[in-house]
Amino acid sequence: MQKEIVSFSETDDYDFDNELVDALAMERSAIQEIEQEKEENYLTEETSSAPSSRKKLWRDTQKEALTRLEDSARTEDDFRNVQSWWDRLDANADRKYRYHVIGRSDVPLEWGAALEQVIVPEPIHHVFWRQIIKGDFLDAIFDCPFEMHELIEDDDIADAVSELKDLHKEVLYYSAIRQYSNQRIAHIRNQTDRNILKVKITILKKLQKKLYAGLCGRKEMNLPLSKREKDFLKEYAPIFSGTDKRKCSGTDKKKSPIKNND
């Protein structure tokens, strides 16, 4: 019974490969037909080429003629004539589209391709290498626990991260950016995972406190806040309002930045 199952699977694979070969052959023939049609139309356009001004005038007259036909269409034959015009324009648009974009069949793109690391080395597949090839060097330059704050857009968060201790920066980098587990970070730091967990809690509290102070400063300056920032202030106001000298309550009076000297 097992031998029959194996032979059946081998026949299925053989039939599937034959189908892929046939589909690939049909795809190549279609591409050749498109290329041949493109060359023929290119030769006809070159022989009957006209100045750009004449072409533009001819296109404008064709558009005006089509609009007149659409406005003056009353009978069934008139509508058929308008439909033939639109069919011809759609065919031309599809033909121009086929010149630039060649659609693929059901053949998988990876079928028959070489394995990875055979042609392209593995390091080039890395995200940093792809960004460097495109000319984007920021992520690669600042991929460091002591420089990661340069990649943060928010000024308050960037300042809070840059003011952390080196130990806290390293733990934050490995846990937030590298997504390492506590056990792995503990192995790197030669510490216990319980100690790493305590350090992470301390880091989180420091960042929350500094972010709360920064958002309070923005609110006192009447700067706009997002919904997440407002929710953050409401959630952590009972925790940090006693420790911070500035209190961000919703009933604070808005102070005008311009003083009246009278």
Side-chain angles (χ1 to χ4, degrees), residues 122-261:
E122 178 65 24
I124 298 180
H125 290 286
H126 198 273
V127 178
F128 283 163
W129 275 105
R130 293 181 181 179
Q131 289 180 341
I132 289 171
I133 291 171
K134 291 180 181 179
D136 188 2
F137 305 97
L138 293 180
D139 289 342
I141 292 173
F142 298 117
D143 183 29
C144 175
F146 313 107
E147 300 290 340
M148 60 181 176
H149 61 275
E150 297 290 343
L151 298 174
I152 302 174
E153 295 181 358
D154 192 278
D155 294 335
D156 294 331
I157 301 176
D159 294 338
V161 173
S162 64
E163 292 174 0
L164 292 174
K165 298 179 181 178
D166 293 342
L167 170 62
H168 294 172
K169 288 181 181 179
E170 190 174 357
V171 174
L172 180 62
Y173 173 79
Y174 286 130
S175 61
I177 297 179
R178 293 294 183 181
Q179 298 292 319
Y180 289 171
S181 62
N182 293 337
Q183 291 78 10
R184 189 171 182 181
I185 299 173
H187 180 71
I188 294 172
R189 295 287 307 170
N190 292 324
Q191 296 175 350
T192 61
D193 55 350
R194 184 184 292 271
N195 192 4
I196 296 298
L197 182 60
K198 291 180 181 179
V199 173
K200 289 173 68 173
I201 294 173
T202 303
I203 294 170
L204 187 61
K205 287 182 179 179
K206 286 186 176 182
L207 293 178
Q208 289 173 352
K209 185 176 180 180
K210 292 181 180 179
L211 181 59
Y212 178 81
L215 292 178
C216 285
R218 294 185 190 179
K219 192 172 183 180
E220 289 178 358
M221 295 171 63
N222 295 329
L223 295 177
L225 299 176
S226 63
K227 185 179 181 301
R228 294 182 63 185
E229 293 172 347
K230 292 179 181 178
D231 295 339
F232 181 85
L233 287 176
K234 290 180 181 179
E235 183 177 358
Y236 291 96
I239 301 173
F240 299 117
S241 60
T243 58
D244 192 8
K245 294 181 180 179
R246 296 176 297 181
K247 295 183 180 181
C248 295
S249 60
T251 58
D252 289 343
K253 296 181 180 180
K254 296 183 178 179
K255 298 180 181 180
S256 177
I258 301 175
K259 294 182 180 180
N260 190 2
N261 295 325

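Bear in mind the structure is a predicted one, so any value in this text is a computation, not a measurement. Only heavy atoms go into these numbers, but all of them, side chains included; no hydrogens, no water, no symmetry mates.
Two residues are said to be in side-chain contact when any heavy atoms from C-beta on lie closer than 4.5 Å; Ile196 and Lys200 meet this criterion. Side-chain contact between Gln191 and Lys198 is absent, with no heavy-atom pair separated by less than 4.5 Å. Looking at heavy atoms from C-beta onward, Val161 lies in side-chain contact with Met148 at the 4.5 angstrom threshold.
The line from CD1 of Ile201 to CG of Leu204 is 8.5 Å long, rounded to the nearest 0.5 Å. Cys216 contributes atom SG, which lies 9.5 Å from atom CG of Leu211 (distance to the nearest 0.5 angstrom). Between Asn195 atom CG and Ile185 atom CD1 the span is 11.5 Å, to the nearest 0.5 Å. Here CD1 of Ile177 is found 7.0 Å from CG of Leu172. Values are rounded to the nearest 0.5 Å. Interatomic distance, Thr202 OG1 to Leu207 CG, rounded to the nearest 0.5 Å: 11.0 Å. If you take CG on Leu167 and NZ on Lys165, they are separated by 8.0 Å, rounding to the nearest 0.5 Å.
Looking at every heavy atom in both residues, Val171 comes nearest to Val199 through CG2-CG1, 4.1 Å. In terms of heavy-atom proximity, Phe240 sits nearest to Lys205 at CZ-O, 4.2 Å. In this structure, Leu215 and Asp156 approach most closely via the heavy-atom pair N-OD2, 4.4 Å.
Residue pairs meeting the ring pair (Phe, Tyr, Trp, His ring centres under 6.0 Å) criterion with at least one member in residues 144-172: none, sequence neighbours excluded. Annotation: side chain to side chain donor-acceptor pair (under 3.5 Å) contacts involving residues 169-179, sequence neighbours excluded, comprise Asp143-Tyr173, Asp143-Arg178, Glu170-Arg189, Tyr173-Arg178.
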Discussion item. Between Tyr212 and Ile239, is the side-chain contact (heavy atoms from CB on, under 4.5 Å) condition met? List the steps.
Written reply: CA-CA 10 Å; Tyr212 178 81; Ile239 301 173; over 6 Å; no
If you look only at distance, which donor and acceptor atoms sit under 3.5 Å apart when one is on a side chain in residues 225-237 and the other is two or more places apart or in another chain?
residue, atom, partner, partner atom, Å
Ser226, OG, Glu229, N, 3.4
Lys227, NZ, Asp231, OD2, 3.1
Glu229, OE1, Ser226, N, 3.1
Glu229, OE2, Arg218, NH1, 3.1
Tyr236, OH, Gln208, NE2, 3.1

